[in-house]
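Everything below concerns the one structure shown next.
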4 protein chains.
Amino acid sequence: MKDQSQKPKYKQIIDAAVITIAENGYHQSQVSKIAKQAGVADGTIYLYFKNKEDLLISLFQEKMGQFVEKLREVIDGKASATEKLYLLIENHFRILSRDPKLAVVTQLELRQTNRELRAKINGILKNYLRLMDQILQEGIEKGEFSQGLDIRLARQMIFGTIDETVTTWVMNDHKYDLVGLAPKVHHMLIHGLGGGDETV
Amino acid sequence: MKDQSQKPKYKQIIDAAVITIAENGYHQSQVSKIAKQAGVADGTIYLYFKNKEDLLISLFQEKMGQFVEKLREVIDGKASATEKLYLLIENHFRILSRDPKLAVVTQLELRQTNRELRAKINGILKNYLRLMDQILQEGIEKGEFSQGLDIRLARQMIFGTIDETVTTWVMNDHKYDLVGLAPKVHHMLIHGLGGGDETV
Amino acid sequence: MKDQSQKPKYKQIIDAAVITIAENGYHQSQVSKIAKQAGVADGTIYLYFKNKEDLLISLFQEKMGQFVEKLREVIDGKASATEKLYLLIENHFRILSRDPKLAVVTQLELRQTNRELRAKINGILKNYLRLMDQILQEGIEKGEFSQGLDIRLARQMIFGTIDETVTTWVMNDHKYDLVGLAPKVHHMLIHGLGGGDETV
Amino acid sequence: MKDQSQKPKYKQIIDAAVITIAENGYHQSQVSKIAKQAGVADGTIYLYFKNKEDLLISLFQEKMGQFVEKLREVIDGKASATEKLYLLIENHFRILSRDPKLAVVTQLELRQTNRELRAKINGILKNYLRLMDQILQEGIEKGEFSQGLDIRLARQMIFGTIDETVTTWVMNDHKYDLVGLAPKVHHMLIHGLGGGDETV
DNA sequence: AATGAATGAGAGTTCATTCAT
DNA sequence: AATGAATGAACTCTCATTCAT
């Protein structure tokens, strides 16, 4: 792991954790294995993280932080909520497409943790969900989205759909183009199964 | 656990597993704890299940089997795909509302298992997903749903939305009425965020 | 096991134990497996034997009893100790050659038992060792064997040699003729490595 | 176990295993008991041995290795095969006499292991048996031993006799002098029961 | 005499974490 | 800051034996 020696140890260890977990699965990613992948001693990990759980939370925080940050950049300044939603979906897909190992870790492996850890992970996710809520709020105000929309439910539909789509893609070994699905997914979320042309 | 003594041991143990896992979490549900809850000796569990994994898979199979069966009964003979979708959502919500412990187990705890076990669980889920595909196919043929619908993606939207809605409800300690959300969720899935009245 | 139904249950179970142990090894011969082989219920074994250890001791007693009895018949009335020794070796080899499963059990499997059980087995062996002592005593008195012979050591040489020869044969999957080795083994025991023609 | 703290852990654990097995018997020598005897934590054993079986094989290898090595040293450079055989017997007896616990372990306890482990132990014994074969070959060539000798059978006589003698000594709680038996055993092996003076 | 479902004690092994160097 | 040897608690599964029928 010579090329990692430039990075600060903190990030070096987190990246090693992503690789180790993606390659071996959560339950087969012992601290000693992560340490070896990072090129440090077992004990060194405890100089940077309080314990294993803290490492995993930090991993999620670090990666999710970048994630939301990147999305905000892309979305900011766009005219419509509809467009913002599209960019959110596409970039969500794009970021995970570019880092399939991270995708494996977030979609499959990190969900194998216990309730307590998952609660903390959900806390971190809050930022992302809030971003969705903002888009939804804006869409409703601008008249793009239905006035009667229940924002919390709508956000659950958006997040649930995106999440399920990515998970299915990961479980199918990334064998098809995820980013290419963005337009269809976006269209479905906006117009529903009915396609927006139904005469109700 | 005197009132369980009527049931066959097999079901008795599965029900004990649901209760134990819901109350203690997956990783704190040792075989001995499940046995005690079931009112049998540890070894007895191994007369009915090959090992702990087999017990968990059987649990999922047993409960999911009832689930899909019940849904089929409710849905069969209904006129429209739209109506069938509504019934699927409402009953999905209803069944888990009536058995909050089962909801905890399926939404949170059983996802903490390793990749291999989850693959087996997904195999069992297939039946349910196929039911959704049938409804979608029918809806497209009858002109209720958009002709251009990608069935696989649409199913991921439906399942992802339902799943996320239930999980959020479970994570909020079942503190609101889940079944009551069915109409709104159904409407969103059919009409999308745009509400079906947008002029695009 | 229909053809066993004539035999008394006691022998039926012992024979089943021999077969089961020979085929599966001592540690893989659970009571339930022996019961199945014998065509009886697990519990039935406890009507005929106090416990598993008792069954094994009885097995050894039964088979070893026949063994010594047969040898006595063959040997009785023979003229010389040398001849008796030969017959003992040859018949020891012959009996185990004819029942290779019994050979596996006595040479390999029954030695895997704990110290206590082996002490009891040795008690049963005593009869056989006493027979050897008698032959040795007779041989010394008749002048066939050396006057200075230490009977106990001599018996250990005879038994050790026979036992090692049979064990090696069993470990080599009975792939050569054991009985045919009797003359050579006998000659070696009588004349030693020197062959009796050395000029000392 | 303070006085063991100088030794490398590897040997420290092996010696603890010998003592524990000799004192408690094979089946009552749990890993935790061996660890306690060695003055280390249970887990430490697994830093030096793959598993319990590996510890036992290593024990035998280590002790048997020293054994054969010591015998080679003693025997090398001796003039006759007869003398070499004597030294082999005497030293075999001497080494086990000096370490009665090791004798208990090799003669009684280690034979209680399953077929697989015993096969591995036999593999290690091969070196010792080969040493015997060499002595026999040399003796035949030098005219000390009978020309017609079957080396394999002769080795089985030697090993069987020595082994049985030691085992009997161990089963009698080492209550007599084993080394003192060497001359008689040697004489018997060379001249046989007949004593070498029989006129055949 | 016979059954066989139920019992429950018992042990090898893993791995997150520590701490002397 | 970094190391890595040592720790020791914790859990699944087997199987001889029992006893109600």
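Proteins get letters first, then strands, A, B, ... in listed order; numbering begins at 1 in each.
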To the nearest angstrom, how far is [X] atom [atom1] from [N] atom [atom2]?
| X | N | atom1 | atom2 | result |
| --- | --- | --- | --- | --- |
| K33(D) | dG8(F) | NZ | C1' | 18 Å |
| Q12(C) | dA1(E) | CD | C1' | 13 Å |
| K36(B) | dG8(E) | NZ | C1' | 12 Å |
| Y26(C) | dC15(F) | OH | P | 12 Å |
| I34(D) | dG8(F) | CD1 | P | 18 Å |
| I45(A) | dA5(F) | CD1 | C1' | 16 Å |
| Y10(C) | dA1(E) | OH | P | 15 Å |

Side chain proximity check, D99(D) to K101(D), heavy atoms < 4.5 angstrom: yes

May I ask you to test the H27(A)-Q112(A) pair for a side-chain heavy-atom distance under 4.5 Å? yes

K9(C) vs dA2(E): side-chain N/O to OP1/OP2 distance below 4.0 Å: yes

Measure from NZ or CZ of K52(D) to the centre of the six-membered ring of Y26(D) and say whether it is under 6.0 Å with the direction within 45° of the ring axis. yes

Only pairs with both distances under 3.5 Å count, Watson-Crick or wobble alike; so what is the partner of dA1(F) in this structure? none

Does dA6(E) have a Watson-Crick or wobble mate here (both distances under 3.5 Å), and if so which one? dT17(F)

For A41(B) and V40(C), take the nucleotide of DNA chain E holding the closest heavy atom to each; which residue's nucleotide lies nearer the 5' end? V40(C)

Just to be sure I understand the rule, does F49(B) reach a base, reach only the sugar-phosphate, or reach nothing, if contact means heavy atoms closer than 4.0 Å? nothing

Using a cutoff of under 3.5 Å, can you pull out all pairs of nitrogen or oxygen atoms linking the protein to nucleotides 12-16 of chain E, with atom names and distances?
from    : atom 1 : to     : atom 2 : distance (Å)
dG12(E) : OP1    : K52(D) : NZ     : 2.8
dG12(E) : OP2    : V31(D) : N      : 3.0
dT13(E) : OP2    : Y46(D) : OH     : 2.7
dT13(E) : OP2    : K52(D) : N      : 3.0
dC15(E) : OP1    : Q30(A) : NE2    : 2.9
dC15(E) : OP2    : Q30(A) : NE2    : 3.2
dA16(E) : OP1    : K52(A) : NZ     : 3.0
dA16(E) : OP2    : V31(A) : N      : 2.8

Polar side-chain atom of E109(B) near backbone of G25(B) as donor-acceptor pair, under 3.5 Å: no

Heavy atoms only: give me the nearest R118(D)-L108(C) pair and the separation to one decimal. NH2-O, 3.3 Å

With side-chain contact (heavy atoms from CB on, under 4.5 Å) as the criterion, how do E62(D) and Y10(D) come out once you've worked through the C-alpha distance, each side chain's angles and the decisive distance to 0.1 Å? CA-CA 10 Å; E62(D) 182 82 12; Y10(D) 179 84; 3.5 Å; yes

Between K63(D) and D15(D) (salt bridge meaning N to carboxylate O under 4.0 Å), is one present in this structure? yes

